[in-house]
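Here's the structure, in structure tokens; my notes come after.
Note that the numbering runs from 1 along the sequence shown for the chain. The shown structure was predicted, so the numbers you read here are calculated from the model rather than taken from an experiment.
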Amino acid sequence: MKVYTKTGDKGTTALFGGTRVPKHHIRIDSYGTVDELNSHIGLIRDQKINQQYKDILILIQNKLFTVGAVLATDPEKLILKNGKERLNINKISAEDIELLEREMDAMNEALPPMTHFVLPGGHQTVSFCHVARCVCRRAERLASALNELEPFLPEALIYLNRLSDYLFVLARKLSHDLQADEVKWIPEKH
């Protein structure tokens, strides 16, 4: 199978279901940003971190492919002529969201309470988490805008929201584990 098809040479691409849209369509931007996020999470997973974190990150990467598939599906072609769903995969569920919440709660138990905003950085691995968190927030903003125009599975949007929180807590936990400095943001006073 060839990677290139030449069907996008004029600036359009096909959604799941065959509908062609411009490559700058918000739906493409949304799932493209989820794909970018997935790559950043792969970068975190490639670091020397606890295997449990790596295992959770692999689960997250798989769920992000699901989110991407949801976003890449033309809402007018969700249901096939035979009445079945076009996207015949497990969708994002409340359990997927709860897993992120449980992981955050467990990591938070080992961390001092937050009293200030934290400047991103302190260690390369921590910085990768902060970059992924920012990309996740962008994916969430784009998905939210898309959802206003063409609503999709609500759990997919919730998952992106919770995932950005998870990545922030993971950054803090890795700072703790790696004994990196967590620099507080203290605004200058007049």
Side-chain angles (χ1 to χ4, degrees), residues 24-61 63-64 67-68 70-71 92 94 96-149 151-190:
H24 61 270
H25 190 281
I26 190 167
R27 184 171 293 282
I28 308 306
D29 210 7
S30 293
Y31 74 74
T33 304
V34 169
D35 186 36
E36 179 185 352
L37 170 61
N38 208 332
S39 295
H40 282 288
I41 289 174
L43 187 60
I44 299 167
R45 191 170 50 82
D46 288 343
Q47 304 303 301
K48 291 181 180 179
I49 60 175
N50 181 300
Q51 186 60 46
Q52 180 186 346
Y53 301 148
K54 290 182 181 211
D55 294 344
I56 296 296
L57 291 171
I58 288 173
L59 290 174
I60 289 169
Q61 286 185 292
K63 293 303 173 184
L64 286 176
V67 171
V70 166
L71 295 175
I92 300 298
D96 299 322
I97 296 162
E98 290 165 7
L99 172 70
L100 294 177
E101 292 171 350
R102 282 193 308 274
E103 290 297 315
M104 283 187 279
D105 291 345
M107 287 188 287
N108 263 327
E109 286 181 17
L111 297 173
M114 279 195 57
T115 57
H116 293 80
F117 285 108
V118 178
L119 298 180
H123 189 282
Q124 184 175 3
T125 302
V126 174
S127 295
F128 289 150
C129 287
H130 283 292
V131 170
R133 173 186 56 80
C134 292
V135 173
C136 189
R137 285 288 187 211
R138 178 164 32 96
E140 180 187 8
R141 289 190 301 270
L142 289 166
S144 175
L146 173 62
N147 191 56
E148 275 189 18
L149 300 172
F152 55 84
L153 180 73
E155 289 81 3
L157 190 56
I158 295 167
Y159 190 82
L160 290 173
N161 179 269
R162 208 66 83 250
L163 179 56
S164 62
D165 295 335
Y166 170 85
L167 290 167
F168 177 74
V169 176
L170 180 61
R172 290 198 70 221
K173 183 65 167 78
L174 288 172
S175 286
H176 179 268
D177 293 354
L178 297 165
Q179 299 178 349
D181 288 334
E182 194 173 69
V183 180
K184 296 175 184 176
W185 177 62
I186 302 172
E188 295 179 17
K189 306 273 184 190
H190 286 294

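In plain terms, the two heavy atoms of C129 and L174 that are nearest each other are SG-CD1, 3.6 Å. Listed here is the closest heavy atom pair of T125 and L178: CB-CD1, 4.1 Å. The two atoms that bring S127 and G121 nearest to each other are OG-CA, 3.3 Å, heavy atoms only. Nearest heavy atoms, S144 versus L157: N-CD1, 3.7 Å. In terms of heavy-atom proximity, V34 sits nearest to A139 at CG2-CB, 4.1 Å.
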Candidate pair L167 and I44, rule side-chain contact (heavy atoms from CB on, under 4.5 Å), full reasoning: CA-CA 10 Å; L167 290 167; I44 299 167; 4.2 Å; yes
Worked check of side-chain contact (heavy atoms from CB on, under 4.5 Å) between E140 and S164: CA-CA 9 Å; E140 180 187 8; S164 62; 4.1 Å; yes
Candidate pair Y166 and M104, rule side-chain contact (heavy atoms from CB on, under 4.5 Å), full reasoning: CA-CA 6 Å; Y166 170 85; M104 283 187 279; 4.1 Å; yes
Working for side-chain contact (heavy atoms from CB on, under 4.5 Å), residues I60 and L163: CA-CA 8 Å; I60 289 169; L163 179 56; 3.7 Å; yes
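Side-chain contact between L146 and L71: present, with at least one pair of heavy atoms (C-beta onward) separated by less than 4.5 Å. At least one side-chain heavy atom of R133 sits under 4.5 Å from a side-chain heavy atom of F168. The side-chain heavy atoms of F117 and K184, taken from C-beta on, include no pair separated by under 4.5 Å. A 4.5 Å side-chain heavy-atom check between F128 and V131 finds every atom pair outside the cut-off.
Here H130 contributes atom NE2 and C136 contributes atom SG; the two are 13.5 Å apart, rounded to the nearest 0.5 Å. Here L160 contributes atom CG and T33 contributes atom OG1; the two are 10.0 Å apart, rounded to the nearest 0.5 Å. The CG atom of L142 sits 12.0 Å away from the CD1 atom of I28 when rounded to the nearest 0.5 Å. For the atom pair R45 CZ and D55 CG, the distance stands at 9.5 Å (nearest 0.5 Å). The NZ atom of K54 sits 9.5 Å away from atom CG of L57, with the distance rounded to the nearest 0.5 Å. The CG atom of L111 sits 6.0 Å away from atom NE2 of H176, with the distance rounded to the nearest 0.5 Å.
Under a 3.5 Å cut-off, the side chain of E36 and the backbone N or O of G32 do not form any donor-acceptor pair. A donor-acceptor pair under 3.5 Å is formed between the side chain of S30 and the backbone N or O of I26. Side chain of N38 to backbone of Q61: a donor-acceptor contact under 3.5 angstrom is found. Here the side chain of N147 pairs a donor or acceptor atom with the backbone of F152 at under 3.5 angstrom.
Enclosure of atom CD in Q51 by more than 12 non-hydrogen atoms of other residues, nucleotides or ligands within 6.0 angstrom is indicated. Summarising the local packing, CG of D181 is surrounded by 12 or fewer heavy atoms from other residues, nucleotides or ligands at distances under 6.0 Å.
Within the structure, every pair that satisfies the salt bridge (Lys or Arg N to Asp or Glu O under 4.0 Å) test and touches residues 152-176, not counting sequence neighbours, is listed here: E101-R162, R137-D165, R172-E182, K173-D177.
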